[in-house]
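I have placed the structure first, in the form of structure tokens, so that the comments after it can refer back to it.
Chain naming here is simple, since letters A, B, ... match the order of the sequence lines and numbering starts at 1 in each.
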Protein chains: 2
Amino acid sequence: MKVIIMHENFMLEAIKEAEKAFAIDEVPIGCVIVYHNKIIARAHNLRESKQSAIAHAEILAIEKACNIIGSWRLEDCTLYVTLEPCPMCSGAIIQSRMKTVVFGAYDPKGGCIESCMKMYETPGFNHYPETIGGILEEECGALLKQFFRQKRKQKKANTSPK
Amino acid sequence: MKVIIMHENFMLEAIKEAEKAFAIDEVPIGCVIVYHNKIIARAHNLRESKQSAIAHAEILAIEKACNIIGSWRLEDCTLYVTLEPCPMCSGAIIQSRMKTVVFGAYDPKGGCIESCMKMYETPGFNHYPETIGGILEEECGALLKQFFRQKRKQKKANTSPK
């Protein structure tokens with residue numbers, strides 16, 4: 001029970017990051033990385049702002065955490081992210097030797113931990129993180145649904161005859 | 001035949017990048033990205049130098065190419081890399097909507113195009129690049145073998161009794 005509350009508290013911080021993305025018209029995905037019970041890196045999706053294919057929340061947070069720790073090995077860290085990681089980010093979690101990854105909403109359109117593929121059940125890699133899915137799933141998913149609903153409305157308004 | 005020579009020429013440029021990595025004691029992997037028959041980005045593995053888990057040749061090259069093109073979409077680009085991409089880099093290729101990926105040596109210890117997994121045969125993603133493997137395979141692999149042979153020798157020299 002205590003562990004679940006801890007996970008929820010850190011996920012709430014990841015949601016705050018996702019809200020920052022929402023506010024600047026980015027797909028609302030947020031991430032924090034925790035080391036010895038303390039957040040050492042925070043980031044949100046910046047793909048459009050940076051016009052960079054790799055500027056996902058997880059990649060930006062891993063880059064910051066490596067900087068803070070002074071090592072590419074994040075062996076004692078836990079990554080919290082509001083959406084199930086895509087193939088690139090699931091792979092970056094392997095590359096950083098992340099101990100644990102905790103995600104909120106499941107992503108049937110690209111999630112690589114449970115949904116599209118179970119990357120961490122593929123033999124042959126040199127690291128396999130522990131995973132926990134569905135922490136504050138509803139809250140994380142609601143933010144994304146709200147974003148895409150708004151986008152569809154904007155698109156409709158822009159294409160409807162005047 | 002003409003196409004193969006073109007691929008080999010660009011792979012030779014990726015090998016030059018890999019050699020730069022070798023010279024600074026990084027695992028020798030190099031990458032170039034080509035747009036309209038011209039190299040727009042070059043990079044080599046800098047994981048140890050930067051102490052960053054994401055500083056693989058492909059990620060660094062994709063970041064540069066996005067900067068040059070001014071877009072996260074690299075739809076008309078081809079990525080050349082000396083070693084079959086890992087899960088992170090194979091995923092980054094999807095995320096950047098890269099048209100084609102050409103690699104040199106196959107990687108049984110982590111390659112995600114053919115060896116450990118066939119990522120691009122997994123249904124559900126929003127993009128699938130064309131792939132060509134084994135271009136200058138021997139030359140690309142020889143550089144890696146030489147690097148690890150040297151590493152083992154150094155390790156042996158450091159641990160042997162004086």
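- Note on A:V81 and A:I68: same hydrophobic cluster, where clusters join Ile, Leu, Val, Met, Phe, Trp and Tyr whose side-chain heavy atoms are under 4.5 Å apart, directly or indirectly.
- Around the NZ atom of B:K99, the shell of radius 6.0 Å holds no more than 12 heavy atoms that belong to other residues, nucleotides or ligands.
- Using a 4.5 Å cut-off on side-chain heavy atoms (C-beta onward), B:P87 and A:Y120 make no contact.
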Trace of the side chain to side chain contact (heavy atoms under 4.5 Å, CB included) decision for A:M117 with B:M117:
CA-CA 11 Å; A:M117 106 175 18; B:M117 105 174 22; 3.7 Å; yes

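- Here the CZ atom belonging to B:R47 is positioned 3.5 Å from the CH2 atom belonging to A:W72, to the nearest 0.5 angstrom.
- Put simply, the side chain of A:Q95 never gets that close to the backbone of B:I54: no donor and acceptor are under 3.5 Å apart.
- Listed options B:I93, B:I69, B:T122, B:N126 were ranked by heavy-atom pairs under 4.5 angstrom with chain A; first place goes to B:T122.
- Interface remark: B:S71 contributes backbone and side-chain atoms alike to the contact with chain A (heavy atom separation under 4.5 Å).
- Residues A:L46 and B:L60 fall into different hydrophobic clusters, defined by Ile, Leu, Val, Met, Phe, Trp and Tyr side chains chained together at heavy-atom separations under 4.5 Å.
- With chain B as the partner, the residue from A:P108, A:G70, A:S90, A:S115 showing the most heavy-atom pairs under 4.5 Å is A:G70.
- Ranked by heavy-atom pairs shorter than 4.5 Å toward chain B, the options A:S52, A:G111, A:S96 are led by A:S52.
- B:L83 and B:I24 are assigned to two separate hydrophobic clusters, defined by single-linkage of ILVMFWY side chains at heavy-atom distances under 4.5 Å.
- In this structure, the separation between CD1 on A:I59 and CD on B:E63 is 10.0 Å, given to the nearest 0.5 Å.
- Under the 4.5 Å side-chain heavy-atom criterion for ILVMFWY residues, a single connected hydrophobic cluster contains both A:I4 and A:V34.
- Atom-to-atom distance recorded for A:M119:CE and B:M88:CE is 11.0 Å, nearest 0.5 angstrom.
- Most heavy-atom pairs under 4.5 Å with chain A: of the set B:E48, B:K109, B:K50, this distinction falls to B:E48.
- Nearest heavy atoms, B:C116 versus A:F125: CB-CE2, 4.1 Å.
- B:F103 and B:L12 end up in the same hydrophobic cluster when Ile, Leu, Val, Met, Phe, Trp and Tyr side chains are linked at under 4.5 Å.
- In this structure, no portion of B:C89 lies under 4.5 Å from any heavy atom of chain A.
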